[in-house]
Protein chains: 2
Amino acid sequence: MKKIDILKKLRSSGLRPTKQRVEIAKFLFEREKTFHFTVESLNKFFTKKSASKIALATIYNTVHAFKTAGHLSEVEVRGNKTYFDTNVSNHHHFYDSDTSELIDIDVNDIIIQKIPKAPNGKKIKNVEVFINLKN
Amino acid sequence: MKKIDILKKLRSSGLRPTKQRVEIAKFLFEREKTFHFTVESLNKFFTKKSASKIALATIYNTVHAFKTAGHLSEVEVRGNKTYFDTNVSNHHHFYDSDTSELIDIDVNDIIIQKIPKAPNGKKIKNVEVFINLKN
DNA sequence: TTTCACTTTAGAATAATTATAAACTAAGAT
DNA sequence: ATCTTAGTTTATAATTATTCTAAAGTGAAA
């Protein structure tokens, strides 16, 4: 994803393209493959890449802003840290608790044949399949 | 589940049946249906039922001991609090984020037709289907 | 009953996240 | 180009969930 597209992406979702947001967006979206991260890992990256330290609060703000705008999705993983995913399409996950590693599963690689009806006046928003791995 | 069974349940899993553990176990397991709770809700119950205040640390200890013994399972729900489930059989969940309510789905009510192979030398430990609800 | 490893407890410590409020800045108006 | 201001960033404090600590308490085997 090119710089111009990053600016477009931000502006089109009502986010002013500040220096910090552009930097974070470049890091997250200027790559071939989607990936998973935590606020901690993002922060570590920007701390080490000390040329441009971004405040931790800004990283939280930005990640949440991106999530609200639909540019990131949140993945639930047992444990305390919150994982984010730059893959915002509907998909599933393997989780390896040994390495704390998340692996995407294409939505077409899982077919659900039977599913229960949603309860009382509710509707199904989405279905997430989470496959825990062991050795 | 009767008192005698509770004592048996504790002892058979190597847990000394202390006053606190028995009280918590009675509250969790002496009921018809399985249910979901958080450490916070459990603690609230024992605080109000002031006859027998149990230390918060004890509630954490006990819940984890029960989980390790296989008497409770942990459910992953987006957000910060950890949910536990007295239903330790293999099953799935509806989650209503409006009310933060979890609803069990019997394992037989979901049939998965196609599932990907586990990656590199890993095996599938279990498959959890999480259905998010909306209005 | 004595003993001791296992437990409970209050409170401190840690960790992830959110709130605060002062300083800063993108971008439309002048 | 400069001014203005609402939206942002920042350091720091606050909050929340959970774990740690170490002292006091207690089942249960001998």
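Only a predicted model underlies this, so the values are computations on that prediction, with no experimental measurement involved. Note on naming: letters A, B, ... go to the chains in the order of the sequence lines (proteins, then strands), and numbering restarts at 1 for each one.
For the OP1/OP2 pair of D/dT19 and a distance below 4.0 Å, the side-chain nitrogens and oxygens of B/H64 include at least one atom meeting the criterion. Checking the phosphate oxygens (OP1, OP2) of C/dT7, a side-chain nitrogen or oxygen of B/R21 falls inside 4.0 Å. Contact annotation: A/Q20 side-chain N/O to C/dC24 OP1/OP2 distance is not under 4.0 Å. Proximity of B/R11 to the phosphate of D/dA28: a side-chain N or O atom is located under 4.0 Å from OP1 or OP2. Residue A/T58 places none of its side-chain N or O atoms closer than 4.0 Å to OP1 or OP2 of D/dT8. A sub-4.0 Å separation between OP1 or OP2 of D/dT18 and a side-chain N or O of B/Y60 is present.
Residue A/L10 contributes atom CG, which lies 10 Å from atom P of D/dT8 at whole-angstrom precision. In this entry the distance linking CG of A/L56 with C1' of C/dT17 reads 9 Å, nearest Å. Distance NZ (B/K53) to P (C/dT8): 14 Å, rounded to an integer number of Å. Look at NZ on B/K67: it is 14 Å from C1' on D/dT19, rounded to the nearest Å. Atom CG of B/N43 and atom P of D/dT16 are 15 Å apart (whole Å). The separation between B/L7 atom CG and D/dA28 atom C1' is 14 Å, rounded to whole Å. For B/I59 and D/dA17, the CD1 to C1' distance is 14 Å, given to the nearest whole Å. Rounded to whole Å, atom C1' of C/dT9 lies 16 Å from atom CZ of B/F46.
In this structure, B/F66 and B/F29 have tilted ring planes: the angle between them lies in the 30° to 60° band.
Under a cutoff of 6.0 Å and an axis angle of 45°, A/K122 and B/F94 do not form a cation-pi pair.
Nucleic acid contact class of B/K19 (heavy atoms, under 4.0 Å, all strands): none. Across all strands, A/T18 comes closer than 4.0 Å only to sugar-phosphate atoms, never to a base (heavy-atom distances).
In summary, the side chains of B/H36 and B/N87 do not present any donor paired with an acceptor at a separation below 3.5 Å, with no hydrogens or angles considered. With no hydrogens or angles considered, no side-chain donor-acceptor pair links A/N90 and A/N126 at under 3.5 Å.
For A/Y95 and A/F130, the ring centers are positioned less than 6.0 Å apart.
Taking for each of B/E40 and B/R16 the nucleotide of DNA chain D with the nearest heavy atom, the 5'-most of the two is the partner of B/E40.
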